[in-house]
Amino acid sequence: MEKVCVCSGCGRTIESDFIYCPWCGNSRLKKNDEDVLEAMFKNLEMKQNQFRLNRIEKMEKELNDLENDLSILALSAEMAK
């Protein structure tokens, strides 16, 4: 079984023959299985956190838009009286 190589800079898996990471250019590569798993999980956790933050920002924008629409609707109803 060939060892997996993971870039210590970006955490992506790359071919073990590579000296430099083609994704980020980092030259320090990890070959230890524990380091590989740690880097992969760290990279996954960062991506999940960014995804969550993006979802929260989108939901906040949608909520603000709904609040603005509701304010306009309430103002229109008051003016119609």
Side-chain angles (χ1 to χ4, degrees):
M1 182 170 134
E2 190 173 320
K3 286 207 172 215
V4 176
C5 191
V6 173
C7 174
S8 63
C10 66
R12 293 184 180 187
T13 57
I14 60 174
E15 292 183 28
S16 60
D17 295 342
F18 290 176
I19 296 172
Y20 294 95
C21 175
W23 304 106
C24 71
N26 195 346
S27 64
R28 293 173 285 142
L29 304 176
K30 298 179 177 181
K31 292 194 178 199
N32 183 317
D33 289 339
E34 289 179 19
D35 291 340
V36 168
L37 290 175
E38 183 179 335
M40 289 172 61
F41 283 119
K42 184 178 178 181
N43 190 31
L44 177 62
E45 184 178 4
M46 284 183 356
K47 287 181 180 184
Q48 287 176 333
N49 287 339
Q50 187 60 47
F51 177 75
R52 287 183 191 114
L53 288 174
N54 290 343
R55 283 185 58 200
I56 289 171
E57 288 175 4
K58 181 180 176 187
M59 291 170 67
E60 285 176 345
K61 183 185 179 318
E62 290 174 353
L63 181 59
N64 287 335
D65 291 344
L66 288 172
E67 287 176 344
N68 287 338
D69 290 346
L70 184 59
S71 296
I72 292 170
L73 184 62
L75 183 60
S76 297
E78 286 294 319
M79 293 177 74
K81 287 184 180 181

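A quick note: this is a predicted structure, and the numbers were derived from the prediction, not measured.
- Note that CG of Asn49 is 11.0 Å distant from CG of Asn54, once rounded to the nearest 0.5 Å.
- Applying the under-4.5 Å side-chain rule to Ile, Leu, Val, Met, Phe, Trp and Tyr, the cluster around Leu75 extends to Met79.
- Side chains of Pro22 and Ile14 form a contact here, defined as non-hydrogen atoms less than 4.5 Å apart.
- For the atom pair Phe18 CZ and Thr13 OG1, the distance stands at 10.5 Å (nearest 0.5 Å).
- The distance from the CG atom of Leu66 to the CG atom of Leu73 is 11.5 Å, given to the nearest 0.5 Å.
- Under the salt bridge (Lys or Arg N to Asp or Glu O under 4.0 Å) criterion, the residue pairs touching residues 45-66 are Lys61-Asp65, with sequence neighbours excluded.
- Remark: Asp69 engages no residue in a side-chain hydrogen bond (donor to acceptor under 3.5 Å, both in side chains) (not counting sequence neighbours).
- What you find for Cys10 and Trp23 is that their closest heavy atoms are SG-CB, 4.1 Å.
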